[in-house]
Amino acid sequence: MKHQPRRCGVVAAVVALVLLACLQIQYHHLKVDLGKAGFASSTQDNSNRNPIHLGTSTSSKPATATTNSLPRGIVERHSDMYLRPLWDDSAATTHKNKHDDHNALLAMAVGISQIKNVDTMARKFLKENYAVMLFHYDGNVDGWRHLEWSDKAIHILAHNQTKWWFAKRFLHPDVMAIYDFIFLWDEDLGVENFNPRRYLDIMVSEGLEITQPALDPDLSTDIHHRITIRNKMTKVHRRIYDNRPSMNCSDESKGPPCTGWVEGMAPVFSRAAWNCVWHLIQNDLIHGWGLDMKLGYCAQGDRTEKVGVIDSEYVVHQGIPSLGGPSRGRKTPRRSLDLRTHIRRQSSAELEKFKERWNRAVREDEGWRDPFES
């Protein structure tokens, strides 16, 4: 009886060793089975991912590590913003206007206080069979339902977000690849003297990749830069001349705001330019201050030639600070004034952050050379 506890301990040790051996064998078999099935480890080195290309090609690319478990012919790399019917798909009409060579999207961050203005803009674009996408920053989507075109537009809601926040999350280049041009506009633009089809015809004929419509100097209430002012004598202008010491814009000027520059209120991008601009937009800097000074790097060539302001199709900038401000027609509460002040401060802070990030990126990327550096 004295040796019984010792024998029990030996038996327990043997059983434990047998169980451990069985678990090791099962683990080994599981690894082999997962390997055969093509599953990748969550800790797999991602150093072989394809680099980002910012060129103009929209052709199919070879399968990557994220899709090589699928048969190549089933891979659908691009999408669009067109609505699809729930039934009778054969009856769906083409989205391309037979009288137009362009495929375009108008995207705007909107609030219900600007519904009349946005209604006018949307009608002009939908008339040309262009897509319309509204980013609702005030949470009011139902207030747009009565408009006859509302069901033809894409509605996305996120409270108190800017158009750059929306664009970074919902206008990825793979989704935008079907569109020749992207209008990323503010909601406070008057378009009485603007035709989107004629505008795009001019962009194509002039070889422009990034543009904006000129601003009517007589009716616009918010003009920040002289280069955006309409020149009644020209169809397009790419530079301004200003001999003031603070500007000194001449034929020798090679960059913004004298040439190669558009403002952030109403930019229009070609597909290739947007493929670059989307990557330039910072995920957390939602006000977009500073972006306008760098857009020329996405112009697919010499920004003094590829970036321009179109004069013959012009708009009115009404300068209504709807996002973060009071509703139109109501007495301005003190809290709204405080919010506008905070937004202004945040915008300025983001501008400094963007500048710091650009400068740091330039220092750290030893292989990058500034194409516009003289």
Side-chain angles (χ1 to χ4, degrees), residues 49-85 89 92-98 100-109 122 125-126 128-135 152-156 163-185 196-197 199-201 203-204 206-212 262 264 266-283 288 291 294-301 306-307:
R49 288 180 179 176
N50 287 350
I52 295 174
H53 297 284
L54 305 181
T56 60
S57 174
T58 59
S59 61
S60 298
K61 299 176 183 178
T64 64
T66 58
T67 60
N68 60 11
S69 60
L70 299 174
R72 182 172 299 179
I74 201 63
V75 174
E76 185 72 27
R77 296 196 173 279
H78 303 301
S79 185
D80 58 51
M81 294 296 170
Y82 292 123
L83 302 175
R84 307 293 176 180
D89 187 57
T93 57
T94 178
H95 300 290
K96 192 90 167 181
N97 191 327
K98 64 181 180 180
D100 195 0
D101 294 329
H102 316 306
N103 208 0
L105 169 78
L106 169 66
M108 293 183 289
F125 281 80
L126 289 169
E128 301 298 336
N129 218 26
Y130 299 155
V132 172
M133 190 173 187
L134 301 183
F135 306 131
K152 299 177 182 177
I154 304 297
H155 299 266
I156 297 178
K163 69 179 183 181
W164 301 108
W165 183 94
F166 283 105
K168 188 65 174 178
R169 286 150 182 83
F170 299 104
L171 301 185
H172 188 278
D174 283 353
V175 179
M176 295 295 101
I178 192 174
Y179 300 106
D180 303 309
F181 299 95
I182 293 93
F183 293 73
L184 188 58
W185 280 14
R197 179 181 55 80
Y199 184 93
L200 294 181
D201 285 341
M203 274 193 72
V204 173
E206 293 285 333
L208 295 167
E209 299 282 341
I210 300 175
T211 65
Q212 75 159 81
V262 297
V268 184
F269 306 100
S270 70
R271 182 196 302 115
W274 180 252
N275 190 27
C276 171
V277 171
W278 185 88
H279 290 90
L280 178 65
I281 299 172
Q282 303 295 289
N283 189 63
L291 278 175
K294 304 303 181 184
L295 291 178
Y297 287 89
C298 294
Q300 311 301 301
K306 297 292 186 178
V307 180

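Start at 1 with the first residue, then count along the sequence. In what follows, every heavy atom counts, from backbone to side chain, and hydrogens, waters and symmetry copies are set aside. The model shown is predicted, which means the values in this text are computed figures rather than measured ones.
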Heavy-atom donor-acceptor pair, [X] side chain to [Y] backbone, under 3.5 Å:
| X | Y | answer |
| --- | --- | --- |
| K168 | I281 | yes |
| R169 | N283 | yes |
| E76 | I74 | no |
| N103 | D180 | no |
| H78 | D174 | yes |
| E206 | V204 | no |

First locate atom [atom1] of [X], then atom [atom2] of [Y], and finally report the distance between them rounded to the nearest 0.5 Å.
| X | Y | atom1 | atom2 | result |
| --- | --- | --- | --- | --- |
| R197 | E128 | CZ | CD | 5.5 Å |
| L105 | L171 | CG | CG | 6.5 Å |
| Y297 | I210 | OH | CD1 | 12.5 Å |
| I182 | M176 | CD1 | CE | 6.5 Å |
| K152 | L126 | NZ | CG | 6.5 Å |

Task: CA sep, side-chain torsions, deciding dist, call: D201, H102, side chain to side chain contact (heavy atoms under 4.5 Å, CB included) - done: CA-CA 8 Å; D201 285 341; H102 316 306; 2.7 Å; yes
- [ ] Can you label the angle between the Y199 ring and the F183 ring as parallel, tilted or perpendicular, going by 30° and 60°?
- [x]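 Geometry flag for F183 against Y199: tilted rings.
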Task: Geometric class of the F269/W274 ring pair [parallel <30°, tilted 30-60°, perpendicular >60°] - done: tilted
Closest heavy-atom pair and its distance - [X], [Y]:
| X | Y | result |
| --- | --- | --- |
| V307 | A299 | CG2-CB, 3.7 Å |
| L106 | M108 | CD2-CE, 3.7 Å |
| K306 | Q300 | CE-O, 4.2 Å |
| N275 | P173 | OD1-CB, 3.2 Å |
| M81 | F170 | CE-O, 3.3 Å |
| P267 | K163 | CD-NZ, 3.9 Å |

Task: Qualifying residue for ring-ring contact (aromatic ring centres under 6.0 Å, His included) with Y179, from Y82, Y130, F125 - done: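 With Y179 as partner, Y82, Y130, F125 yield a single ring-ring contact (aromatic ring centres under 6.0 Å, His included), made by Y82.
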